[in-house]
Amino acid sequence: MRTVLRLRSASPAVLLATLLVGCSGAGGAGGGEPELGPVAVNPPTAGLSFPMDTYTDTDAERLRMGRVQQTLVARCMARFGFTYEGVQGGGTSAGGPEDRHRYLFGLADPAFAAAHGYDKSAGGGTPAKPPAPQLSDSAYVVMNGEQRGAQGGKIPDAKSEEEAAQVDSGLSAAGQKVPAGGCGREGYRKLYAPTKDSVDLLFAFGLASEAHDRSKQDSRVVDVLKKWSACMNKSGYGGIGTPYEVVEKLGLENETGGAKAVTAATADVACKREVNLVGIWAAVEKAYQERLVEEHAETLALYAKQREARFKLAASLA
């Protein structure tokens, strides 16, 4: 199939990378390796954008929806006479704008590598989640839909709040039936699965993961990984096939921010930049995501509609 490259507005760096990589893909929608769009040269991960990002909550949105879910749980507990303050999460992560794809292809920031090695906890971050509040035995039943210490047997539950109305938990408190799965599950269902046609919360995440798995097998990613591995070997770090293996292969698990880790991380990122690993892999992954978005357009449209409904519910509870 003839490939037409539209590069009139591309920068020289993008043009070069596209000519080297973009023509190697075979096949369009369906089987085979997808064609690539422009391939940026060593793009910062904070600037990466993928089709599935549209359906994925940011850190701030996740924190917000977590608070909404806790509010729904608290309202349920209040029906049974219990005051529940929930798990109070922290604020957004520190360190500037969100970089949701920071480690998608392994460490890629040369400044971070030189300063912190592979220590992901360095430079701030989301505060640790505090423990859940202690519950009395009676409150535990209402929260979890089972007696404390119960063993064996499946807890009556439902996939959606619509279906939960037909499920008997077999438990009562304050003269009322405890909802299937308890208030914890009711809070989740009201937010994420109110109706039978609710799309699984992890559907979009699953597609993104599938695209990533497919990209790993793509010949263009396999090729750039070989080049990165060869570069690492020249730097004194042999036998490492992918960026995800570095810490384990080098035995750095207990000193991710130590001097050895900093040296290795600096070489790792330098090799990624030498072969344009992030630019090429990101372009390949984007192409697979685009294919999956097209294949699952109907379900994703429903997912987006339901996600918007969740945001409206959140606004009404603010």
When you compare the side chain of S198 with that of Q306, does any pair of heavy atoms fall below 4.5 Å?
yes
Which atom pairs, one a donor and one an acceptor, fall under 3.5 Å between side chains of residues 199-210 and the rest of the protein, sequence neighbours left out?
residue: D200; atom: OD1; partner: L202; partner atom: N; Å: 2.7
residue: S209; atom: OG; partner: F205; partner atom: O; Å: 3.0
residue: E210; atom: OE2; partner: R214; partner atom: NE; Å: 3.3
residue: E210; atom: OE2; partner: R214; partner atom: NH2; Å: 2.4

So, does [X] use its side chain to make a donor-acceptor pair with the main chain of [Y] at under 3.5 Å?
X	Y	result
S169	L171	yes
S229	L225	no
Q289	M52	yes
E98	T58	no
E163	A158	no
K260	G251	no

When you check the gap from the basic side-chain N to the acidic O, do K177 and D168 get nearer than 4.0 Å?
yes
Pair K234 + E274: basic N to acidic O under 4.0 Å:
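Judged by the 4.0 Å cut-off on N to carboxylate O distance, K234 and E274 do not form a salt bridge.
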Among V269, V278, N276, whose side-chain contact (heavy atoms from CB on, under 4.5 Å) with N42 holds?
N276
Partner of R307 by side-chain contact (heavy atoms from CB on, under 4.5 Å), out of T54, D57, L300
D57
Name each donor-acceptor pair under 3.5 Å that joins a side chain in residues 308-318 to protein atoms two or more places apart or in another chain, with its distance.
residue: S316; atom: OG; partner: L313; partner atom: O; Å: 2.6

Show the nearest heavy-atom pair for residues [X] and [Y], with the distance to one decimal.
X	Y	result
P179	R189	CB-NH2, 4.3 Å
E285	S215	OE1-OG, 3.3 Å
K249	I240	CB-CG1, 4.1 Å
Y244	G106	CE2-N, 3.9 Å
A287	L36	CB-CD2, 3.8 Å
K120	F112	CA-CZ, 4.4 Å

Looking at K226, I'd like to know if its NZ atom is crowded, meaning that more than 12 non-hydrogen atoms belonging to other residues, nucleotides or ligands lie closer than 6.0 Å.
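Atom NZ in K226 is not packed in, count stays at 12 or less.
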Has N254 got more than 12 heavy atoms of other residues, nucleotides or ligands less than 6.0 Å from its CG?
no
According to the disulfide bond (SG atoms under 2.5 Å apart) rule, which pairs have a member within residues 195-258, sequence neighbours left out?
C231-C271
Distance check, rounded to the nearest 0.5 Å: E248 atom CD versus E253 atom CD?
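With rounding to 0.5 Å, CD (E248) is 6.0 Å from CD (E253).
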From the options D268, T242, N233, select the one residue that forms a side-chain hydrogen bond (donor to acceptor under 3.5 Å, both in side chains) with W228.
D268
